[in-house]
Amino acid sequence: MVSQRIMGKAAFAHIEDGSGRIQIYLKRDVLGERVYDELFKKLVDLGDFIEVTGPMFATRTGEVSCEARALHFLSKTLNPLPDKWHGLKDVETRTRQRYVDLLANPEVREVFVKRARIVSAIRRYLDSNGFLEVETPVLQPIYGGAAARPFTTHHNQLDQELFLRISFELYLKRLIVGGYERVYEIGRDFRNEGISFKHNPEFTQLEFYEAYTDYNGMMRRVEEMICAVAEELNGQLKLTYDGNEIDLTPPWKRITMRDAICDATGIDYTLYSDATSLMQAIRARGLRYEPKASRGKLIDGLFGDYVEPTLIQPTFIMDYPIDISPLAKKKADDPTTVERFEYFIAGMEMGNAFTELNDPIDQRARFVELNAAMAGEDENVHPLDEDFLHALSFGMPPTGGFGTGIDRLTMLFADRQTIREVILFPHLRSLD
RNA sequence: GGGCGCGUAGCUCAAUUGGCAGAGCAGCGGCCUUUUAAGCCGCGGGUUUAGGGUUCGAUUCCCUACGCGCUCACCA
């Protein structure tokens with residue numbers, strides 16, 4: 001029961017369940033003193049579960065209602081529901097006690113229905129395009145596939161240190177080596193990094209890998225998949241996010257990172273082959289930069305500051321600097337650049353893809369280079385995944401790979417501006 | 001982790017320069033047989049996040065702790 005209006009010897013109330021909300025009408029004449037006064041008026045509170053049976057009728061205002069001939073008590077609430085008009089607004093209570101949030105705010109329930117539909121539409125798209133859904137280890141002896149710091153845990157019997165995965169990438173590529181030509185996984189990644197409006201320590205990732213294609217093929221694949229989701233969810237390719245109308249109709253804009261940065265800042269980073277000269281160019285224009293950054297990070301910084309926020313309509317940013325992309329294949333005509341794209345919608349990075357690096361010798365060299373660079377920057381050096389390199393040495397076909405955050409996709413489709421609104425139980429500090 | 005801001009009744013929010021801590025909803029009692037944010041009359045409800053300090057007097061000013069938010073950093 002979610003509302004009541006008692007008028008002496010008769011009362012109206014609304015009851016609600018998953019199928020909807022309906023008004024009930026209770027009269028002492030009909031129910032008798034025991035049920036009407038002693039049970040309904042005295043004992044039944046808002047939030048209690050009751051069962052009512054009786055004929056349907058329309059009130060003076062035409063609302064379809066049920067005239068209670070019998071009333072049964074089903075279940076009791078001990079706590080009052082939040083304010084019936086204002087609902088529950090306090091962000092901390094809403095996330096710590098999501099059950100109350102869901103109970104009090106129906107639009108919150110809608111978000112997670114939408115989220116489930118997105119995941120199910122993605123599965124339907126990939127399944128019907130010949131992709132095989134697989135499950136790879138969450139507990140990994142060596143973590144890799146991304147730059148994040150991992151959570152660490154321990155297996156008691158084996159007395160072995162294990163890491164919660166930061167990405168699925170290296171395992172899914174092993175499966176491409178194994179002969180599956182189209183694989184995908186939807187699951188949880190864990191990254192021991194800062195929490196923000198678009199970061200939660202655990203988040204849901206989709207990765208898929210497709211043999212005999214490259215990042216150009218992946219771009220078409222991504223357009224097609226996201227549009228299939230939009231069609232299934234909304235029946236159209238336009239949506240509104242944070243007040244901006246966004247049109248998903250393909251083809252999406254494609255622009256190289258070099259051109260995008262050049263347009264936004266006037267700096268053509270290909271004219272500066274090292275961090276020092278690039279830094280001078282940035283300083284000369286009075287732009288922001290991180291003094292200790294490598295050349296790749298400077299480029300990434302320019303992009304993040306001056307380009308990313310402007311990418312409201314769906315956009316593929318192509319061709320990344322090699323030193324921030326150790327798992328992507330070099331461009332044939334430019335050894336400083338890789339065949340990689342990220343796609344952006346509503347000013348947010350939504351996903352990442354490459355033509356996968358399938359040369360085991362180059363891959364080893366790139367890992368070694370990266371670790372040398374990271375050691376120079378005093379960062380955590382990733383352990384070398386020898387088994388992954390061993391896998392590549394059995395031959396991996398040319399392959400395109402792609403990863404995207406389900407949480408951010410849900411933010412986009414549900415028009416939520418923080419990730420905590422699309423995760424049922426986002427991480428919060430414990431109360432002691 | 002840094003900076004800034006916030007924390008008042010079960011919920012949503014007030015409180016003047018530092019001067020008796022309030023309202024609506026919810027709850028309790030009463031009236032009310034077509035209401036729907038029902039209405040009317042009455043009542044109860046607070047360690048103002050916690051602890052300390054300044055002051056005759058602190059929700060208000062200061063310090064510390066806790067939590068949350070925004071933001072920066074981190075996130076190949």
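Residue numbering restarts at 1 for every chain, and letters A, B, ... go by the order of the sequence lines. Because the structure is a prediction, the values reported are computed rather than measured.
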- Donor-acceptor pair under 3.5 Å, A:Thr59 side chain vs B:U35 base: yes
- Nearest to the side chain of A:Glu63, which nucleotide is it out of B:C70, B:U35, B:C75? B:U35
- Message: Distance check needed: B:C75 C1' versus A:Phe197 CZ, whole Å only.
- Response: 13 Å
- What integer distance in Å separates A:Lys27:NZ from B:U34:P? 9 Å
- A:Leu370 near the nucleic acid: base, sugar-phosphate alone, or nothing, with a heavy-atom cut-off under 4.0 Å? base
- Ignoring the backbone of A:Leu46, work out which of B:G27, B:G67, B:U12 is nearest its side chain. B:G27
- Item | Integer angstrom distance from the C1' of B:C28 to that of B:A9 | 15 Å
- Message: Taking B:C70 as the reference, what is the distance to B:A15 when you measure between their P atoms (whole Å, please)?
- Response: 24 Å
- Message: When you measure from the side-chain N and O atoms of A:Arg5 to the phosphate of B:G39, is any distance below 4.0 Å, counting only OP1 and OP2?
- Response: no
- Query: Would a line drawn from the ring center of A:Phe402 to the ring center of A:Tyr343 be shorter than 6.0 Å?
  - Reply: yes
- Message: Within the 4.0 Å heavy-atom criterion, would you say A:Ala104 contacts the bases, only the backbone, or no part of the nucleic acid?
- Response: nothing
- Expressed as a whole number of Å, how far does the C1' atom of B:C72 sit from that of B:G19? 42 Å
- Task: Could you check which of B:A38, B:G69, B:U33 has an atom nearest any side-chain atom of A:Ala10?
- Result: B:U33
- Query: Taking the same atom, P, in B:A14 and in B:A73, what whole-Å distance lies between them?
  - Reply: 33 Å
- Thinking salt bridges, do A:Glu421 and A:Arg94 make one under a 4.0 Å N-O criterion? yes
- Position toward the 5' end of RNA chain B (nearest nucleotide), A:Gly144 or A:Thr93: A:Thr93
- Atom pair distance, as rounded to whole Å: CD in A:Glu169 and P in B:C75: 17 Å
- Message: Please report the distance, rounded to the nearest Å, between CH2 in A:Trp85 and P in B:A26.
- Response: 13 Å
- Query: Using atom C1' of each nucleotide, how far apart are B:C11 and B:G45 to the nearest Å?
  - Reply: 14 Å
- Step through it carefully: locate the ring centre of A:Phe354, locate the ring centre of A:Tyr215, and say whether they are under 6.0 Å apart. no
- Task: Look at A:Lys89 and B:C6 and indicate whether a side-chain polar atom (N or O) is within less than 4.0 Å of OP1 or OP2.
- Result: no
- Task: In whole angstrom, give me the gap between the P atoms of B:G29 and B:U34.
- Result: 23 Å
- Nucleotide forming a Watson-Crick or wobble pair with B:G24, both distances under 3.5 Å: B:C11
- Task: Remember a base hit wins even if backbone is also touched, and classify A:Leu81 as base, sugar-phosphate or nothing at under 4.0 Å, heavy atoms.
- Result: nothing
- Message: So for A:Arg60 and B:U34, does any side-chain atom that can act as donor or acceptor lie under 3.5 Å from a complementary atom in the base?
- Response: no
- Message: Please name the nucleotide paired to B:G44 by Watson-Crick or G-U wobble geometry with both distances under 3.5 Å, or report none.
- Response: none
- Task: Please determine if a side-chain N or O atom of A:Arg94 lies less than 4.0 Å away from the OP1 or OP2 oxygen of B:U12.
- Result: no
- In Watson-Crick or G-U wobble terms, with both distances under 3.5 Å, the base opposite B:A58 is none
- Do A:His390 and A:Arg174 meet the criterion of a side-chain donor-acceptor pair at a distance under 3.5 Å? no
- Task: Would you kindly check whether a donor in the side chain of A:Asp90 faces an acceptor in the base of B:G7, or vice versa, at under 3.5 angstrom?
- Result: no
- Item | Residue-phosphate contact under 4.0 Å: A:Arg420 side-chain N/O, B:G69 OP1/OP2 | yes
- P-based separation of B:C25 from B:G67 [nearest Å]: 36 Å
- Query: Should the pair A:Arg340 and A:Tyr320 be classed as cation-pi, given the thresholds of under 6.0 Å to the six-membered ring centre and 45° from the axis?
  - Reply: yes
- Say you pick atom P in B:C40 and the same atom in B:U54; how far apart are they, in whole Å? 49 Å
- Task: State yes or no: are the ring centers of A:Tyr143 and A:Phe151 separated by less than 6.0 Å?
- Result: no
- Query: When you check the gap from the basic side-chain N to the acidic O, do A:Arg254 and A:Glu223 get nearer than 4.0 Å?
  - Reply: yes
- Query: Does any donor atom in the side chain of A:Gln205 or A:Arg165 lie under 3.5 Å from an acceptor atom in the other side chain?
  - Reply: no
- The side chain of A:Arg429 lies closest to which of these nucleotides: B:C68, B:C72, B:C74? B:C68
- Query: Would you say the side chain of A:Gln23 and the base of B:U35 hold a donor-acceptor pair, judged only by whether the two atoms sit under 3.5 Å apart?
  - Reply: yes
- Note on the structure: Rounded to whole Å, the CG-C1' distance (A:Asp83 to B:A9) equals 13 Å
- Query: Now, which nucleotide makes the Watson-Crick or G-U wobble pair with B:G1, with each of the two distances under 3.5 Å?
  - Reply: B:C72
- Rounded to whole Å, CG of A:Leu428 lies from P of B:C66 at a distance of 16 Å
- In Watson-Crick or G-U wobble terms, both distances under 3.5 Å, what is the partner of B:C31? B:G39
- Under the 3.5 Å rule, do the base of B:C11 and the side chain of A:His86 count as making a donor-acceptor pair? no
- Message: From the set B:C75, B:U34, B:C11, return the single nucleotide nearest to any side-chain atom of A:Phe57.
- Response: B:U34
- Item | Rounded interatomic separation in angstrom, taking CZ from A:Arg28 and P from B:U33 | 9 Å
- Query: If you pin A:Asp29 and A:Thr61 to their nearest nucleotides in RNA chain B, which one's is more 5'?
  - Reply: A:Asp29
- In whole angstroms, how far is the C1' atom of B:U34 from the NE2 atom of A:His14? 12 Å
